[in-house]
Structure formats: C-alpha cells, structure tokens
**Student:** 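Handing you a structure now.
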Amino acid sequence: MYQFTTLTALVAPLDRANVDTDAIIPKQFLKSIKRSGFGPFAFDEWRYLDVGQPDMDCTNRPINPSFSLNQPRYLGAKILLTRQNFGCGSSREHAPWALKDYGFDAIIAPSYADIFFNNSFKNGILPIVLPDALVQQLFEEVAATEGYQLTIDLPSQTITTPSGQQIAFDVDPFRKHCLLNGLDDIGLTLQHADEIKRYEEARRVTMPWMF
Amino acid sequence: MAGKTLYDKLWEQHLVRMDADGTALIYIDRQLVHEVTSPQAFEGLRIANRKPWRVSANAAVPDHNVPTTDRSGGVDAIVDPISRIQVQTLDKNASEFGITEFKMGDIRQGIVHVVGPEQGLTLPGMTVVCGDSHTSTHGAVGALAFGIGTSEVEHVLATQCLLQKKMKNMRIRVEGKLQPGVTAKDVVLAIIGKIGTAGGTGYAIEFAGQVIRDLSIEGRMTICNMSIEAGARAGMVAPDEKTFAYVQGRPFAPKGELMTNAVTAWQDLYSDADAVFDAEVVLQGETILPQVSWGTSPEMVIPITGAVPDPEAESDEVKADSIRRALAYMGLKAGMKATDIPVNVVFIGSCTNSRIEDLRQAAAVLQGKKIAPSVEMALVVPGSGLVKQQAEQEGLDKIFIAAGFEWREPGCSMCLAMNADRVPAGKHCASTSNRNFEGRQGAGSRTHLVSPAMAAAAAVAGHFVDVRGMTV
C-alpha cells in the first residue's frame, strides 16, 4: 500500500474541464492484466501524434508539442492542476495507475468524479479539492513562473505556494489516516470479520432469498 | 422524524458497521465480474493468499473483448492476442476460484449489465457491484447498484463488504406522458442535458414520476444505466408489480414460498411520502423531444429540432472553450441544425440499449426500409445470446439484415471498441451507447448518442432525422 505524507514538487497544468478516464488511459491499454506500465500511455491521444498500441516503445513516438504536459518546463511534475469533474466516465482503475506511473502523486481540481476520486486514494494519489477561484489563481501562477512548485502537507492539510501563501484543504479523516500510514483496506476490513459473519448469519435468516 | 428514501432504506439494510466519522462497512449481495477490471483483483488475492469470502455471491461473464463476428473457433480463435489473453484469464480465474461464469460459447453470455437482470442474479433490495461504471443499470429493479474500481473488486472478493460513505439523496421526477417516438433514452439524455455530467456527483439518484412508472423494466434500465453520465454512481427505481413480474421465474431468482416472502419484503422498498431529498429535479414528459448529442460529453445534447451551440454565446470561458474543442473534434459548425449532421456508421447495442425492447423499437422503424447509401457500416449487437435468440424468434434479425444491417454476436462491441468493432477516424456514428468522449469508439471517431429508434431513422435518412415524422 502507498504512503503519502508531504510532497514538494513541480506543478503541471491541464486546462480542461471534464477530463474523462478514456482520455487519461484509452481503452486499448486496458487489455493488460497487470497494474504497472501504464505511465508512458497516460493521455495517449493528446500526448502523441500517432495512434498508440499496447507494448509499444514510446521513446521515439512523435509527441504533440501543443499538449501542456509535453512542454519541457513541466517534465518531472508530480502535481497535476486541472479543472472540474476530472476523471469522469469509466470506472477503470487503470486511470490512477497510469497517472501514478507517469509520476503524479497529487491532483488539484475544483471537483472530481466519484469513482475516480475513490480509486485515486487507493493508489496513493491525493486528489485535492479547491474552490474555482483558488484553482484559477494557481493556473495563473503556474503559467507565470517557470519551475513553479507547491508543497503539500497532508498531516496539516495545507498547500504552500512559492510566495508563502498557505491554502487549507479538506480530506476525509479515514482516507487521510490510511494514506499517512500506508494501510491496506482489505487488512483493515478483515479486522471486523466477526461482525461481517454475524451480519451475514442474521441476513440468511431474515432474507434467505439473497443467498 | 422525516421518512426514509429508498436509498436510505437500502443503505440501512446493508450496514454492517459505521465509525464515528461516517465511514461505513456495507455488505455486498452480488458482485458481477468481467474480464477487463478483474485480472489484477484476482492476482491481488493470490499474492495475499486470500480466498473469496462467499464464492456464490459472484458471477462472471466476458463482454468487453469478445468478437461479435463468427465465434466457431472459440476463445483460442480471438485474433487480437491481448484480447484473447484477457478472456482466457477470466476463464482461468473463474475456474480456479470456483465462480459461476457464462463463457463465450454459452447462450447466456452477453453484456454483464444485460445478463445480470436477465438471469435473476440482480434482485430488488440487493447491493450489486461490478468493476464497471454502468453497474447503475441494475438499480432499475430496486437494487443499490454502483460501479467500483479494481482495488474494490478485490476488497469485495475478500471481505464481501465495501468501505463507503453515505451518498446524498436526489430525486428526479419525470411526470406526465411521453410523446409517441420518444423513449427512455431520450428521457435520460434530456436529464443529463439539464443537470450536466457532474449534476449528480455525490448523490444516489432515485428516478420517479409517472413516466418512469409507465416504463418497462428494460426502459428503466436504460435510464439507470446513464446515471453515471449524470455524475451519480447509483441510480434506482422503486420496485413495483412490473418489477416482481420481471424477476419471477428467472433462473437465479427465488422460487415458491421464498419468492412470495421476498415480494412481501420488496413491497417496503419505496421512498416514504415524507422523505427528504437533498436535491429534486422535475421534468415534464410531454416537453421531451428526441435527443441527439452533438459534442464530446453526454451533456452536449440537443433536441432533434435544435441547433449546435455557438461558443461565442457562452459567457463562461471554461465552457466556451469546451464547446470550441468539441466543435473542432466533431467537425461541426456552430449553429448548424441537428438534422444536417451526417451519419456514416450506425451502432445499435451496448448496456444502455441492446435489450429486446430496444431491438423491437429499431426494427419497427426499419421495417421495409433500407439504410442510406452514405451509411458505410451498420451493426446490431444484441445484449446477450438470449436476447439474440428472442429477436430471431420474432424475426427481427431478418428486418435488420434486409435493411442492410449486420446481425452480430453479443458483447460490448463498438460502444468502446475494445474488440475489433470500431468507428473509423472522422466518421459520424449514430450510436445507442452511453459515451461520446473523444476516441471512445475508435481513434478520431465522432459519436452521436441517440435512442434505438432515432439510430434506425438516421440509418435510413443518412443524417439525423426526427423519428416522430417517420411512418412506422
């Protein structure tokens, strides 16, 4: 299980609303039966000028220079800054797998689709929700300053900008606890195995048609 | 104290435990498994040396990667080696863990969200999950059904539970009557056009009102299916006599006295008259026209009598920018009429619209007609082997074939083009599926979401056309 505490890293902008998981990782790459190796294909249709196929060597593919993540100033970014409803569409966990493998450990956006939001935490990516106005401010600062970095501190739930501005963010206490400690959800749930068994036995009596 | 919503009742019935911060463990009655989002979950079980908590709660079916053409060679004859490995991996995992599977050669095989209700695997009052966002479909029978990621698929396999926080309650009422030629698909597209693709984020949606009550269970499935396109993980309809009649006699449904007792319990599954919803939306059935999506998000939808929007008329710069990008991708001009959008490919299928009623509606429009010469490819992909068989018994296949359609084997097919069925770059597809994202139906594909009747009408005309004006 992944752990997340603090992160100081370069920020890359993706200035689009409603970025869907088909765009984050196109379907031809979902055929892999592994969890790794999706990073080179993240945003494949926007990132490259040719059509990507699984198992391709991406090092010599023609890149789309107008796609923001391809600009040299954003290479090595670990924080993705984007717009509302990020990660909408398909439930594919390949989307956070691809973003993580690309190098992103945190995302900042005004809102996310529910399933993607949930999947991100399970893969050590912290999706931070900030109001539109603050997201807009960060977009402007990123554009104005090459090498723009943010510090994200999960224990104190703050983001610090290069000018020293501190921005507070909310995070679910249970998810925070799991990320800080790198806990495995299944292991945690199985600590309650007796309760699950009791529930199940009672249900077999009251609603036997469910079994 | 205020009454309870349908969702409140389903939630409470499945609550195993809840922490002070609201993090809850809820019990899952049914997990449906397909080949794309499950291999890593089974691998996780193996690595941790864990066994499924309750094997019989799971059922598996391959659907995304299966070919829809001749299958006489079986799984080993799937041409794309990576698709083949994925289907083989599901077969192997189902067999190793002892999970019931409807394999590719089985007549019960089909799209997971068609097969589940058809087999009686999804019942009123159940919690139903699947590693697929369109799991919301199963809410049509009065279940709490939602899509999950692969980590959660593994979590359900290992624990029969999920960690959840309760969602908010939204009710969407569609009152009055629908006009002839207007169907469930038009209703749900109109809803998404109204509330937007993030309108339901964080909510469980209950669909209610006279129009919803008048729909068949298949029509309700079409509506619940696209809850996720409105941002909501779960959509549901309170079960009624139609639901009980639908479930009755299905292979995995309860029988005899068990069914009688189940129906008695299911009759309590409705929102109390004094239940409070966090949000409520009302549409009037008579005002809903046949819909066509013009852009690259399901909220980019217009009535067939409408025109493609102009970004210059949009005051929100982020939205104007989305419209500009969508117009460029779709090769459309601002202000052009919906009926002037050409159609090159027609796809009737997907978990949204591949049930028998959908095929009947499309066939009714196509009876005695031919597809336009400008239509290069027209596919009908039934949702399951049993739907295909039923359609053939009714002679629908002959109507489609005579009109110039290809009659295919069941699967997800061109909805997301993971198998060999793809829309060529730059071509406009009238599609009964659920997503019109860039590249969804193939790199450069241009998808227009419509109902089966509207897809059939477009196939005949060679462009989008108001099905209400066609002689049926």
**Student:** What residues of residues 14-25 of chain A sit under 4.5 Å from chain B when you count only heavy atoms?
**Tutor:**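 Near chain B, by residue number: Asp15(A), Arg16(A), Ala17(A), Asn18(A), Asp20(A), Asp22(A).
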
**Student:** Output the distance between atom CD1 (Ile82(B)) and atom CD (Gln53(A)), rounded to the nearest 0.5 Å.
**Tutor:**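 Those atoms lie 8.0 Å apart.
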
**Student:** First locate atom OG of Ser133(B), then atom CZ of Phe116(A), and finally report the distance between them rounded to the nearest 0.5 Å.
**Tutor:**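 Those atoms lie 14.0 Å apart.
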
**Student:** At a heavy-atom separation under 4.5 Å, does Glu257(B) approach chain A through its side chain, its backbone, both, or neither?
**Tutor:**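 Neither part, no heavy atoms under 4.5 Å.
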
**Student:** For Glu200(A) and Trp53(B), test the side chains for any donor-to-acceptor distance below 3.5 angstrom and give the result as yes or no.
**Tutor:**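 Yes, side-chain donor-acceptor contact under 3.5 Å.
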
**Student:** Chain B heavy atoms under 4.5 Å from Lys27(A): which part of the residue, side chain, backbone, both or neither?
**Tutor:**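 For Lys27(A), the contact with chain B is made by backbone and side chain together.
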
**Student:** Where on Ala232(B) is there a heavy atom nearer than 4.5 Å to chain A: the side chain, the backbone, both, or neither?
**Tutor:**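 Interface part for Ala232(B): neither.
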
**Student:** Go through Arg92(A), Lys34(A), Arg198(A) and name the one with the most non-hydrogen pairs under 4.5 angstrom from chain B.
**Tutor:**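 Most heavy-atom pairs under 4.5 Å with chain B: Lys34(A).
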
**Student:** Flag the one option from Met259(B), Lys165(B), Arg30(B) with the top tally of heavy-atom pairs under 4.5 Å to chain A.
**Tutor:**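 Winner by heavy-atom pair count: Lys165(B).
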
**Student:** Examine distances only and state if a side-chain atom of Gln86(B) and a backbone atom of Leu30(A) form a donor-acceptor pair shorter than 3.5 Å.
**Tutor:**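 Yes; at least one donor-acceptor contact below 3.5 Å.
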
**Student:** About how many Å separate CD of Gln136(A) and CD of Glu317(B), when rounded to the nearest 0.5 Å?
**Tutor:**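 Glu317(B) CD to Gln136(A) CD: 10.0 Å, rounded to 0.5 Å.
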
**Student:** Measure Lys319(B) against the heavy atoms of chain A and call it side chain, backbone, both or neither at under 4.5 Å.
**Tutor:**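 For Lys319(B), there is no contact with chain A at all, as no heavy atom is under 4.5 Å.
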
**Student:** Ser83(B) versus chain A, heavy atoms under 4.5 Å apart: side chain, backbone, both or neither?
**Tutor:**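 The answer is both parts of Ser83(B).
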
**Student:** Considering only heavy atoms, give the residues of residues 38-46 of chain A separated from chain B by less than 4.5 Å, sorted numerically, with 'none' for an empty result.
**Tutor:**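 Residues in range: Glu45(A), Trp46(A).
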
**Student:** Against chain B, label Phe211(A) side chain, backbone, both or neither, depending on which of its atoms sit under 4.5 Å from a heavy atom there.
**Tutor:**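 Answer is both: backbone and side chain atoms of Phe211(A) are under 4.5 Å from chain B.
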
**Student:** At what distance, to the nearest 0.5 angstrom, does NZ of Lys122(A) lie from OG1 of Thr150(B)?
**Tutor:**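 OG1 of Thr150(B) is found 12.0 Å from NZ of Lys122(A).
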
**Student:** Checking the side chain of Lys31(A) only, and the main-chain atoms of Met418(B) only, is there a donor and an acceptor separated by less than 3.5 Å?
**Tutor:**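 Here the side-chain-to-backbone pair exists.
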
**Student:** Side chain, backbone, both or neither: which part of Ala193(A) has a heavy atom under 4.5 Å from chain B?
**Tutor:**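 Backbone plus side chain of Ala193(A), per the 4.5 Å heavy-atom cut-off to chain B.
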
**Student:** Heavy-atom pairs under 4.5 Å with chain A: which of Arg233(B), His155(B), Glu229(B), Met167(B) has the most?
**Tutor:**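 Heavy-atom pair counts peak at His155(B).
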
**Student:** Using modelled atom types and a 3.5 Å cut-off, is there a donor and acceptor pairing between side-chain atoms of Asp114(A) and backbone atoms of Thr201(B)?
**Tutor:**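 No: the side chain of Asp114(A) does not pair with the backbone of Thr201(B).
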
**Student:** Distance from Asp21(B) atom CG to Asp172(A) atom CG, nearest 0.5 Å?
**Tutor:**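 One finds 6.0 Å between CG of Asp21(B) and CG of Asp172(A).
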
**Student:** Taking every heavy-atom pair that is under 4.5 Å apart, which of Val51(A), Leu190(A), Thr189(A), Leu188(A) has the most such pairs with chain B?
**Tutor:**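 Between Val51(A), Leu190(A), Thr189(A), Leu188(A), the count favours Thr189(A).
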
**Student:** Would you check, one step at a time, whether the test salt bridge (Lys or Arg N to Asp or Glu O under 4.0 Å) holds for Arg83(A) with Asp316(B)?
**Tutor:** CA-CA 13 Å; Arg83(A) 299 286 185 182; Asp316(B) 180 329; over 6 Å; no

**Student:** Drop me the distance from Trp209(A)'s CH2 to Lys255(B)'s NZ, to the nearest 0.5 angstrom.
**Tutor:**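 Reported value, rounded in 0.5 Å steps: 15.0 Å.
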
**Student:** So, for Gly147(B) and Ile115(A), which heavy atoms are closest and what is the spacing to 0.1 Å?
**Tutor:**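 What the structure gives for the nearest pair is O-CD1, 3.6 Å.
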
**Student:** Heavy-atom pairs under 4.5 Å with chain A: which of Val153(B), Ile85(B), Ile148(B), Asn434(B) has the most?
**Tutor:**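 Going by pairs under 4.5 Å, I would pick Ile148(B).
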
**Student:** In terms of heavy-atom proximity below 4.5 Å to chain B, should Arg203(A) be classed as side chain, backbone, both, or neither?
**Tutor:**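 The side chain, not the backbone.
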
**Student:** Is there a donor-acceptor contact under 3.5 Å from the side chain of Gln40(B) to the main chain of Ser32(A)?
**Tutor:**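 Side chain of Gln40(B) to backbone of Ser32(A), a donor-acceptor pair under 3.5 Å: yes, one is there.
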
**Student:** Considering only heavy atoms, which portion of Val16(B) lies under 4.5 Å from any heavy atom of chain A: side chain, backbone, both, or neither?
**Tutor:**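 When you check distances to chain A, atoms from both the backbone and side chain of Val16(B) fall under 4.5 Å.
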
**Student:** What option among Phe174(A), Tyr112(A), Phe117(A) has the most heavy-atom pairs under 4.5 Å with chain B?
**Tutor:**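 The option with the most such pairs is Phe174(A).
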
**Student:** Does some side-chain heavy atom of Cys161(B) sit less than 4.5 Å from a side-chain heavy atom of Ile196(A)?
**Tutor:**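 Yes; the side chains approach each other to less than 4.5 Å.
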
